Q: 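Could you have a look at this structure, given as C-alpha cells, before my questions?
Computed from a prediction, not measured in an experiment: that's the story for all the values here. We name chains A, B, ... by the order of the sequence lines, and we start the count at 1 in each one. Excluded from the calculations below are hydrogen atoms, water molecules and symmetry mates; all remaining heavy atoms, backbone and side chain alike, are included.
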There are 2 protein chains.
Amino acid sequence: MNIGQASSASGVSAKMIRYYESIGLFRPPSRTDSNYRVYGADEVHVLRFIKRARTLGFSVEETATLLSLWEDKSRASAEVKDIATRHISALETKISELQGMVNTLKHLAHCCGGDNRPDCPILDDLAGETIATKGH
Amino acid sequence: MNIGQASSASGVSAKMIRYYESIGLFRPPSRTDSNYRVYGADEVHVLRFIKRARTLGFSVEETATLLSLWEDKSRASAEVKDIATRHISALETKISELQGMVNTLKHLAHCCGGDNRPDCPILDDLAGETIATKGH
DNA sequence: ATAGACCTTCCAACAATGGGAAGGTCAAGG
DNA sequence: CCTTGACCTTCCCATTGTTGGAAGGTCTAT
C-alpha cells in the first residue's frame with residue numbers, strides 16, 4: 001500500500017499523512033527501493049484513529065496523547081476520561097462564546113430594517129452607540 | 001495620542017493596530033517628526049468599531065466591509081443585515097458541529113469507567129470499534 | 001547624562017491544511 | 001523500446017489573526 005491508497009483507506013490526505021509523520025505524530029513507515037512509503041493495515045488503523053480524534057475536535061497534541069494511551073495496553077482509562085472531559089469543557093466554552101455572538105447578532109438583525117434606508121442598528125452597535133431596546 | 005494610548009483607549013493592542021494598518025483595514029495616521037504615529041478620537045472610534053466586530057466573530061475581511069458601509073452614510077441597511085445574517089448562519093453551523101462533538105464525547109465519557117482498568121470505550125471508539133450501548 | 005518607558009521596523013512563530021513546483025517511478029499501450 | 005499519465009518524492013509558500021522578540025531610535029524625568 002502506498003501513500004495514496006493509505007489515504008483513501010483512512011480518509012487522511014496524503015499531505016497530512018506526511019505532515020503527521022514530520023511532526024512525530026505518526027511513525028515513519030518503511031520505504032520501497034524507490035523511496036516510496038509503504039503502509040499496511042496497522043498503519044491505516046492508526047490513521048483512522050487520528051482522523052476520528054481530529055474529527056472530534058481534539059488537537060494534534062491531544063491526539064498524540066490519546067494515541068500513546070491507546071498503544072499502552074496497561075494504561076488507566078481514568079487518564080483518557082480526563083482528557084475527554086477537559087476537551088468537552090473547552091468545547092462547551094467555545095460553544096457558549098459563539099452562542100453569545102449569535103444572540104447579540106440576532107437581536108441586532110431583528111432590530112435592523114434591512115431596507116434601503118441607512119438607519120442600521122447593527123452598525124450603530126458596532127460604532128458603540130447603544131440601542132434602546134435591550135429586552136427580549 | 002501615540003499608539004500606546006490609542007491601544008488602551010480602544011482595547012486593540014499596538015501590535016494589532018500596526019497590523020490592521022499594514023493590511024489596509026485601518027488608514028495610516030499622520031506621524032510626528034520623530035516618526036511616531038499620532039491618533040485622535042476619530043481613529044480610536046474606528047478601532048473600537050473594529051474591536052467590536054472582531055469580538056462578534058466577524059473576520060477581518062467582513063469587518064472591512066462593515067467599516068466601509070459604516071463610513072458610507074448613504075448605504076442601505078439591507079446590505080449590512082445580509083452580512084450579519086450570513087454570519088449568524090456560519091456561527092450556527094459551527095455551533096452545531098461543536099455540539100455534535102460534545103454529544104458524542106459525553107456519551108463516550110459516560111460509558112467510560114474512568115478507573116484504573118484499561119477498558120476504555122473512548123479509545124475503542126477512536127480505534128473504530130463500535131460500542132454496543134448506543135441508547136442514552 | 002543616563003535610566004527606563006516609550007516608539008519604530010522587520011522577522012519568526014503558532015495550528016493545521018492546501019497548493020504547487022521540480023523531479024523520480026511505475027504500469028499500460030503503441 | 002518509448003511515451004503517456006498517474007503516481008510518488010522533497011521543498012517552499014499561503015492561509016488567519018495574533019503574539020513575541022531583536023535592534024535601534026526617542027522622550028521624559030531625575
Q: Quiz question: going by heavy-atom distance under 3.5 Å, is there a donor-acceptor pair between the base of C/dG18 and the side chain of A/Tyr19?
A: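 Check fails, no donor-acceptor contact within cut-off.
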Q: To the nearest Å, how far apart are A/Arg18 CZ and C/dA16 C1'?
A: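 These atoms are roughly 16 Å apart.
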Q: With sugar-phosphate meaning primed atoms plus P, OP1 and OP2, does A/Ser59 contact a base, only sugar-phosphate, or nothing at under 4.0 Å between heavy atoms?
A: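 The residue A/Ser59 makes sugar-phosphate contact but no base contact.
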Q: Starting at atom CD of A/Glu61, determine the distance to atom P of C/dA15, rounded to an integer number of angstrom.
A: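 The answer, rounded to whole Å, is 8 Å.
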Q: Looking at A/Asn35, I'd like to know whether one of its side-chain N or O atoms comes within less than 4.0 Å of OP1 or OP2 on D/dT9.
A: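 For A/Asn35, the contact criterion (side-chain N or O under 4.0 Å from OP1 or OP2 of D/dT9) is not met.
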Q: In whole angstrom, what separates A/Glu21's CD from D/dC11's P?
A: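 To the nearest whole Å, that distance equals 12 Å.
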Q: Looking at D/dC8, I'd like to know if its phosphate oxygens (OP1 or OP2) sit under 4.0 Å from a side-chain N or O belonging to A/Ser34.
A: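 Checking D/dC8 against A/Ser34, no side-chain N or O comes under 4.0 Å of OP1 or OP2.
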Q: State whether A/Ser13 places a side-chain N or O below 4.0 Å from either non-bridging phosphate oxygen (OP1 or OP2) of C/dG18.
A: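 True: A/Ser13 side-chain N/O within range (under 4.0 Å) of C/dG18 OP1/OP2.
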Q: Is the backbone N or O of A/Gly40 less than 3.5 Å from a side-chain atom of A/Glu43, with the two atoms forming a donor-acceptor pair by type?
A: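 At least one qualifying donor-acceptor pair exists.
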Q: Within this structure, what is the NZ-to-C1' distance between B/Lys15 and C/dC6, rounded to whole angstrom?
A: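 Roughly 14 Å, once rounded to whole Å.
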Q: Could you tell me if A/Ser77 and B/Asp115 have a donor-acceptor pair between their side chains, going purely by distance under 3.5 Å?
A: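 Indeed, the side chains of B/Asp115 and A/Ser77 share at least one donor-acceptor pair under 3.5 Å.
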Q: Quick one: does B/Gln5's side chain have a donor or acceptor within less than 3.5 Å of a partner on B/Asn2's backbone?
A: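 Judged by distance alone, yes, a pair lies under 3.5 Å.
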Q: Select from B/Gly4 and A/Val60 the residue whose nearest nucleotide in DNA chain C is closer to the 5' end of that strand.
A: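 On the 5' side of the pair lies B/Gly4.
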Q: Whether the side chain of B/Arg48 engages the backbone of B/Ala9 through a donor-acceptor N/O pair (distance < 3.5 Å, no angle test) should be reported.
A: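 Checked: pair present.
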Q: Between C/dC6 atom P and B/Ile17 atom CD1, what is the distance in whole Å?
A: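 These atoms are roughly 14 Å apart.
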Q: Between the side-chain atoms of B/Tyr20 and the base atoms of D/dG17, is any donor-acceptor pair under 3.5 Å?
A: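 Not at all, since no donor on one side and acceptor on the other fall under 3.5 Å apart.
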Q: Could you tell me the separation between the CG atom of A/Leu25 and the P atom of C/dT17, rounded to a whole number of Å?
A: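 The answer, rounded to whole Å, is 10 Å.
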Q: Is there a side-chain polar atom (N or O) of B/Arg31 under 4.0 Å from OP1 or OP2 of D/dG25?
A: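 No.
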Q: Expressed in angstrom and rounded to an integer, what is the separation of B/Ile50 atom CD1 from D/dG17 atom P?
A: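 To the nearest whole Å, that distance equals 12 Å.
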Q: For a quick test of reading the model: is some side-chain N or O of B/Arg54 closer than 4.0 Å to OP1 or OP2 of D/dT18?
A: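 For B/Arg54, the contact criterion (side-chain N or O under 4.0 Å from OP1 or OP2 of D/dT18) is met.
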Q: From OH of B/Tyr36 over to P of C/dC6, roughly how many Å is that when rounded to an integer?
A: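 Rounded to whole Å, this separation is 11 Å.
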Q: Students often mix this up, so state it plainly: with edges at 30° and 60°, are the rings of A/Phe26 and A/Tyr39 parallel, tilted or perpendicular?
A: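 Rings of A/Phe26 and A/Tyr39: parallel, as their planes differ by under 30°.
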Q: At under 4.0 Å between heavy atoms, what does A/Arg37 touch on the DNA or RNA strands: base, sugar-phosphate, or nothing?
A: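 Since only primed, P, OP1 and OP2 atoms lie under 4.0 Å of A/Arg37, the category is sugar-phosphate.
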